[in-house]
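Report on the structure given below.
Both backbone and side-chain heavy atoms feed into the values below; hydrogens, waters and symmetry mates do not. Both counts, for ligands and for their atoms, begin at 1 and track the order of listing.
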Amino acid sequence: MVDVLWVPRTLDDVSIAPPPTVTLDDRFARELAEMALPWQAEEARDPRLLVLNEPLATELGLDPAWLRTSDGLRLLVGNLVPSGAAPVAQAYAGHQFGGFSPRLGDGRALLLGEVVDADGHLRDLHLKGSGRTPFARGGDGLAAVGPMLREYVVSEAMHALGIPTTRSLAVVSTGRSVRRETLLPGAVLARIASSHLRVGSFEYARATGDVNLLRRLADHAIARHHSGAAEAERPYLALFEAVVAAQASVVAQWMLVGFVHGVMNTDNMTISGETIDYGPCAFMEAFDPGTVYSSIDRGGRYAYGNQPVVAEWNLARLAEALLPRFSDEQEEAVALAVESLGAFRRQYGAAWSAGMRAKLGLPDDLADAVVSPLVDDLLTLLQANRVDHTSFFRGLGAAARGDAEPARGLFLDLAAFDAWVERWRVLGPDADLMDRVNPVYIPRNHLVEEALAAATDGDLGPVERLLDAVASPYDERPGLERYAAAAPQDFGTYRTFCGT
Ligand code: AMP
Ligand code: MG
């Protein structure tokens, strides 16, 4: 733990209000030095604050007013490093679209250190877009304003929806241009996470062949995320089982809200169960399991409907990495891994089914034999009629109150909808329950694009209004109708790009 007094760099800085005392830990860097490369952020010429998450800053014990000062901004782009802090680029490996890369790591990101939040939990303060690191390979180490604001908006929307996720503290433009298809303004995102340990972190440790490193990494993960595992008969198997459970839960929540992550490589899957790395992600509009938005996902590996299977596949890679820690006997280790991984389908299925019941307002004690065919038939109808996922479930709440029109108007085959609603209504759906789980406002793709384009041109108004809408997703408010509406017809087929 380093107690930090900010060291002023120029006389100008001395005039700034008394420097706050900030405490940053360097626990990851200390405990896992082999996976932590000390590094510095690139100097930002002209840092300007685009958006600051004041409630989150306060939760972290950071003074929002101070973060807005020039020193605060320099912290948020990594140019003011608290004395004693040890920013590092983290090493990790990963399976990308199925192929293994033993050395990925933070090519354009840095872990500044860990902060203790108001609840006493350790949270990573991490920067994305802070310049090239030795892991950058061909990349420029930079990020553009648009994609960093996209991560800010979508991650904060996910948080407001109640879905575990990394958080966004701030986006600061750097004053430097970034070359993508065109020249774009550059930015740094300050991201907060309960850690940045990934499945790929374990693959990295395993690939080094250093069993001691693998053990220390697993101990670090247990201490930070799944402390109950320490008491188990087989702590490392219990760690694996805890990650399986956390991922089964979070992916079920994605599916229920129509979230498409877009690039579920093992380096983008956390040990904590938080959603991470908002690149080519998007919310599904018309219900279709085959929905793919990412321009590079040509085979549809990370399509909406594939996400549970991909999560299970990624967890199998985690099990492989951890095998030597499960048992000294290879055969026994494999048997244990297979058995523990088997829980994923049960846990995912249970979480999804319970969530779907709530979306339909149905009580828990209703027989599965009644609910399952009702849900199956609904999904078939939604897909055949290309019904907007979010509008449908929210509209169905009105149907539970007696007005079926908002949902009915989304269907082409009205007779089929009417027949389905009759079956559902006799089960006595609870409209209030439905409104608590079916959002009105999600970061719809056309709204996100509109807001990012405006911000890239210097107008932050649309981003601020969109953030305001998605910050209270279940609470319908007058004046926000356009944030609840599906994309206009001329919006066309949406594509997201990995060149973030
Ligand atoms: P992603 O799939 O976007 O999470 O990134 C995969 C890998 O590419 C990670 O190792 C990133 O650090 C790296 N990367 C992505 N974009 C850049 C960039 N512009 N410069 C350097 N490295 C990058
Ligand atoms: Mg990533």
Side-chain angles (χ1 to χ4, degrees), residues 35-37 39-42 44 77-78 87-112 124 126-148 150-152 154-155 165-166 168 171 174 176-189 191-193 195-204 207 260-272 274-282 292-298 301-302 307 310-311 314 317-318 496-500:
M35 298 177 65
L37 190 79
W39 202 253
Q40 296 292 317
E42 194 171 283
V77 295
V88 294
Q90 290 178 299
Y92 49 84
H95 277 86
Q96 301 183 302
F97 289 91
F100 184 58
S101 295
R103 192 176 187 268
L104 290 170
D106 289 333
R108 56 161 173 178
L110 289 177
L111 173 64
L112 280 189
D124 280 5
H126 174 102
L127 306 179
K128 187 161 167 179
S130 50
R132 294 193 83 229
T133 77
F135 296 112
R137 293 164 293 155
D140 60 9
L142 303 175
V145 161
M148 295 306 97
R150 173 199 291 279
E151 173 152 345
Y152 188 108
V154 182
S155 64
T165 177
T166 62
S168 294
V171 177
T174 58
R176 181 179 168 169
S177 301
V178 179
R179 185 172 292 281
R180 293 293 179 258
E181 279 91 38
T182 55
L183 277 187
L184 295 168
V188 173
L189 169 76
R191 175 162 81 182
I192 305 298
S195 88
H196 282 77
L197 300 179
R198 307 146 189 266
V199 169
S201 311
F202 283 83
E203 293 179 289
Y204 180 88
V260 184
H261 182 282
V263 60
M264 285 177 73
N265 295 332
T266 55
D267 51 305
N268 291 337
M269 185 184 251
T270 59
I271 297 306
S272 64
E274 289 174 352
T275 310
I276 195 170
D277 273 359
Y278 294 85
C281 63
V292 176
Y293 292 108
S294 171
S295 58
I296 62 164
D297 190 4
R298 295 210 177 78
R301 179 182 174 93
Y302 299 140
Q307 295 184 123
V310 170
N314 289 349
R317 306 290 77 76
L318 177 61
T496 55
F497 297 93
C498 228
T500 58

Just checking, is any N or O donor in the side chain of Q307 or H261 under 3.5 Å from an acceptor N or O on the other one? no
Atoms in ligand 1 flagged as close to L104, the criterion being non-hydrogen separation under 4.0 Å: 10 (O)
Do S155 and T165 have side-chain atoms, one donor and one acceptor, less than 3.5 Å apart? no
Report whether any nitrogen, oxygen or sulfur of D267 sits less than 2.8 Å from the Mg ion (ligand 2) (N, O or S, backbone or side chain). no
Side chain of D277, backbone of N268: donor and acceptor closer than 3.5 Å? no
Quick look: Y92 vs ligand 1, heavy-atom contacts under 4.0 Å, and the answer is side chain
G141 to ligand 1, any heavy atom closer than 4.0 Å: yes
Which one holds for R137 and ligand 1: side chain close, backbone close, both close, or neither close, with close meaning a heavy atom under 4.0 Å? side chain
Note: ligand 1 atoms sitting under 4.0 Å from heavy atoms of N268 are 2 (O), 4 (O)
As a quick check of understanding, evaluate side chain to side chain contact (heavy atoms under 4.5 Å, CB included) for I296 and F97, giving each step before the final call. CA-CA 10 Å; I296 62 164; F97 289 91; 3.8 Å; yes
OD1 (N268) to the Mg ion (ligand 2) to OD2 (D277) angle, given to the nearest 10 degrees: 80°
Judging by distance only, is a nitrogen or oxygen of G139 under 3.5 angstrom from one on ligand 1? no
When D140 is tested against each of R179, R132, R180, R108 for side chain to side chain donor-acceptor pair (under 3.5 Å), which residue passes? R180
Examine N265 and say whether one of its N/O/S atoms is closer to the Mg ion (ligand 2) than 2.8 Å. no
I'd like to know if G105 contacts ligand 1, where contact means a heavy-atom distance under 4.0 Å to any ligand atom. yes
Chi angles and distances behind the side chain to side chain contact (heavy atoms under 4.5 Å, CB included) call for Y302, N265: CA-CA 9 Å; Y302 299 140; N265 295 332; 2.6 Å; yes
Between T133 and D106 the two heavy atoms that sit nearest each other are OG1-O, 2.5 Å
The one among K128, R108, Q90 that brings a heavy atom closest to atom 15 (C) of ligand 1: R108
For D277, the ligand 1 atoms with a heavy-atom partner under 4.0 Å come out as 4 (O)
Per-atom contacts, ligand 1 versus Q96 - under 4.0 Å to a heavy atom: 6 (C)
Could you give me the CA-CA distance, side-chain angles and deciding distance for V171 and E151, then say whether side chain to side chain contact (heavy atoms under 4.5 Å, CB included) is met? CA-CA 10 Å; V171 177; E151 173 152 345; over 6 Å; no
All heavy atoms of A89 vs all of W39, minimum pair found to be N-CB, 4.4 Å
Report the part of D106 in contact with ligand 1, treating N, CA, C, O as backbone and CB onward as side chain, heavy atoms under 4.0 Å; options are side chain, backbone, both, neither. backbone
Report yes if some N/O of D140 lies less than 3.5 Å from some N/O of ligand 1; otherwise report no. yes
Contact with ligand 1 for R180, non-hydrogen, under 4.0 angstrom: yes
Candidate pair T266 and Y92, rule side chain to side chain contact (heavy atoms under 4.5 Å, CB included), full reasoning: CA-CA 10 Å; T266 55; Y92 49 84; over 6 Å; no
